[in-house]
There are 2 protein chains.
Amino acid sequence: MAEERRTDKVSIVEIARQAGVSPATVSRVFNRPDIVQAQTREHVLAIAGSHGFRPNRLGSSLRLGSTRTLGLVLPTLSNPVFADCFEGAEQRARQSGYSVMMTATHYDPTLETAAVHRLIDHQLDGIILTVADARKSSILKTLKARGMNYVLAYNESVIHPCAAVDNYAAASDMVSHLAGLGHRHIAFLSGPLDLSDRAKSRLAGSRHCARALRLERVRHYVMLSHTASDTATIARILEAASRPSALFCSNDLLATSVIAIVKELGGAVPGDISVAGFDGIRYGAFMSPSLTTVEAPGYEIGKAACHLLLDQIEQGAVRSEQLRYRLIEGASVAAVSPLSRKESHAACANQ
Amino acid sequence: MAEERRTDKVSIVEIARQAGVSPATVSRVFNRPDIVQAQTREHVLAIAGSHGFRPNRLGSSLRLGSTRTLGLVLPTLSNPVFADCFEGAEQRARQSGYSVMMTATHYDPTLETAAVHRLIDHQLDGIILTVADARKSSILKTLKARGMNYVLAYNESVIHPCAAVDNYAAASDMVSHLAGLGHRHIAFLSGPLDLSDRAKSRLAGSRHCARALRLERVRHYVMLSHTASDTATIARILEAASRPSALFCSNDLLATSVIAIVKELGGAVPGDISVAGFDGIRYGAFMSPSLTTVEAPGYEIGKAACHLLLDQIEQGAVRSEQLRYRLIEGASVAAVSPLSRKESHAACANQ
DNA sequence: GTGAAAGCGCTAACAA
DNA sequence: TTGTTAGCGCTTTCAC
C-alpha cells in the first residue's frame, strides 16, 4: 500500500489516468468531494493515497487568482510585543485556512519596501504591516494604488485601515499617572522618531498632558535604536543639574535597558529615578524592579489586524479597529514625595 | 507617467503587446536583462513601469518548479528563543533571495502535521522545523519519503539533518555546576516529555551527571505545559520533607514562572531554593534574581538551520551542525554551604 | 537579439 | 455525475 512514497511528478492528470477518470473529477474529489459519486471518490482517493499525492497549490492559485496566503511585515520579532502580534495574526489566519508569509524589517524603510514587493510578487491575498511612519510611507501608497488588501498593525491612521491603540492618549495617561505620584519633571526616551510614528505620538501625548497639568516641558532624548539605550545619554541625564524624576521610555525594551544602565552607573530605580515603559511585555512583571508600563495587547492587535484583513479580502469591507490599552503599575516608578502628590492629581481626561 | 497605477490584470503578455515585442523578450528583460538589447530593454521597462507591473511569481514558480520560499515550523514565538531562531533563519533566507512561510504549532503534534502538509501543498523548496519528538515524528518520515528538503532546529537527530546544541551534555554541565555549589539534591522540572525531546535529553543528561557525581537521584516533576509551571506542584515540592536544594527547569519560561510562584508562596530564590533554567533568554539577565541558565543560541540555530537547508536545496548536501552552548551564572542559584562545595566538585566531563 | 509554441498543475465553464 | 477544453502567467528550447 506504500502510502506517501517518493513523489516523482505526480499531478492530477497522472492520478486521473491511473484512476481511469478525468482530471476534472480528481479535482472535484479534493475540492467538492460531495458532488462526486462515493465509489469514484474512494477509488481516486486510493490511487492518490498510494502516491502520497496532494494537489499542488501553485496550480490552483494561478488558476483561481488567490493564494490563500497573507503577508506579515513587522519590525522585529525580538520585541515580544511583535512576536505576540504574529501569534495572534497567524492563529486567526490559520483558522480561516490561510498561511502566513512573515518578514522582519528591523525598522528599516528600505527593507520595508523590499519586503512588500516580495510579498506582492508572491501574489499574497493581503498584507498586515507595521511601517516606520504611516504618514510618510511610500509603500502604503503603492499598496493602495494597486488595490492590494492591507491593514496596518500598531500604526494609527485615518487614511489606511489599521489595528492599533491610541498611543497619544495612552502616553498622556502615563504622564498623568506619573504626575499623580508627584513627578513634575519627566523626560521621554525613544529611538529616532522618523523610524516610529508610535514613538512620535507617545511623545506628543506626553507633552500634551504635561502642558495640561502644568508640569515642566517634557524633554526628548533620542537613542540610537528603538531596542536599546546608550549609556552615554543616560549618564548625561543622570548627571544633569536639574535631572528629571521620571523617565518615560517609548517601549519596554528601552525601559529595560535604561534600568540596567542606571544600575551599572551606580544609581537605583526607582530610588534615584523612576522609569516607565510602554507595551506591557510579559517579562516586565518578573524584572527587578517590575516595570510600570502601558500594556498594548500585541496578540489582540495581530488578531484584529488579521480579522480586518480577512473581512477586506472576503467582503471588501475596509475598516479599522482601536484596541484598549491598560496601565500596569510596577515597582519601577515611585512617588516623589507625599506632599506634592495631591496638587498635581488633576488627570488630563483621555480615552 | 503615473507609476504603480491600479494594476488590472497586466501580465507579461499585455506588456509585450504594448511594447510591440514578444512575451519571451519581456521575460528576458526581467530575468536576464543583459542578453536583451539596451534599447528594447529600456522600452519594455518603461511600459512595465507605467503599469507598476511586476512579474507574477506564481507563473514562474509553476514553470520552474521552485518557489524560492522556505517553511518554518516552530512551537511558539512567545518563547524568545524561538523568536530569535526565526530572525536568524529569515535573515539568512532573505540574503539568498528566499521568502519564509512561518507557522506555530504550540507543541501540538497534530498541528505539526497539518502545518507541514500546508507547506508541502504550497510547494516550498524546503522546511525548517522543530518537532515534539524527532524519533517518533511521523511527519519526518513523510518528509523524507517525499524527498523533501528539510532541517530540524533544536531537535537533535542522527537520522535527520539538524541544527542544535548537545542538550544532554549541556544539562549535565548544569548539574555539575550545581554540584560544584554544593547541591546534592536536585529536581528536574519540565512539561510533558513526549512533547519535547529536548526536555527528555536534558533530564537524561542531568540524571547521568548526578549519578556520576553520586548525588541523590534527580526527581522529575511534570508541569502541564512547557511554558508555565503549576502552583500546586511547586507547593508540593517546597513542602516535601526532604526537599531539593535546587530546581533545574527545562527552559527559562518555566524557570521564570517557578521563581514567581515560589515568591507567591512566601519562599525566596535562591534563599530557600535555587532555580536554574535553560535557553538563555535575554530577559533572564534583567530578572530578579537574574537567571542561572544554559544559553542555547537561538539566532545561530535558526541561521545554521537555514544555511544547511539552502546547502541541501542548492547543492544536495545533507549535513547537520552542532552549536555551542554556554553556562550563564545568574543570581537564581546560590551555594548550599561553603563546606560541601569541595567534595563534589569533580565535574563529569562533557563536550 | 528576438519570436513562436509548448507546457508547468489546476479548475470552471460547458457539454454530454 | 463526469468529461472536454481552455487558460491562469511564466520560461525555455528551438527557430529565425
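Panel note: side chain R17(B), backbone I12(B); no donor-acceptor pair is recorded below 3.5 Å. Side chain of R94(A) to backbone of A104(B): a donor-acceptor contact under 3.5 angstrom is found. The closest donor-acceptor contact from the side chain of T113(B) to the backbone of P109(B) lies under 3.5 Å.
The only option from V131(B), I159(B), D133(B), V116(B) that meets the side-chain contact (heavy atoms from CB on, under 4.5 Å) definition with L140(B) turns out to be V131(B).
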Can you give each donor-acceptor pair under 3.5 Å made by side-chain atoms of residues 301-316 of chain A, sequence neighbours left out, with the distance rounded to 0.1 Å?
from, atom 1, to, atom 2, distance (Å)
H307(A), ND1, R92(A), NE, 3.0
H307(A), ND1, R92(A), NH2, 3.2
D311(A), OD2, R319(A), NH2, 2.4
Q312(A), OE1, Y150(A), N, 3.0
Q312(A), NE2, Y150(A), O, 3.2
E314(A), OE2, Y98(A), OH, 3.1

In 5'-to-3' order, the base (B), backbone-only (S) or no-contact (-) status of each nucleotide in nucleotides 7-14 of chain C, using a 4.0 angstrom heavy-atom cut-off, is BBBBBBB-

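Note: Y107(A) and H226(A) have parallel aromatic rings, judged against thresholds of 30 and 60 degrees for the angle between ring planes.
At the heavy-atom level, S61(B) lies nowhere under 4.0 Å from the strands shown.
Pairing each heavy atom of R68(A) with each of S96(A), the nearest pair is NH2-O, 2.7 Å. The heavy-atom pair separating A153(A) from C85(A) by the smallest distance is CB-SG, 4.4 Å.
When the side-chain nitrogen and oxygen atoms of T25(A) are compared with OP1 and OP2 of dG3(D), one or more of them lie within a distance under 4.0 Å.
Rounded to a whole Å, the CD1 atom of I35(B) is 12 Å from the C1' atom of dT13(D). Separating the NE2 atom of H51(B) from the C1' atom of dG9(D) is a distance of 16 Å, rounded to the nearest angstrom.
Taking five base pairs at each end of the helix from dG1(C)-dC16(D) to dA16(C)-dT1(D) and finding the rotation axis that steps the C1' atoms of four pairs onto the next four gives two axes whose angle is 30°, to the nearest 10°.
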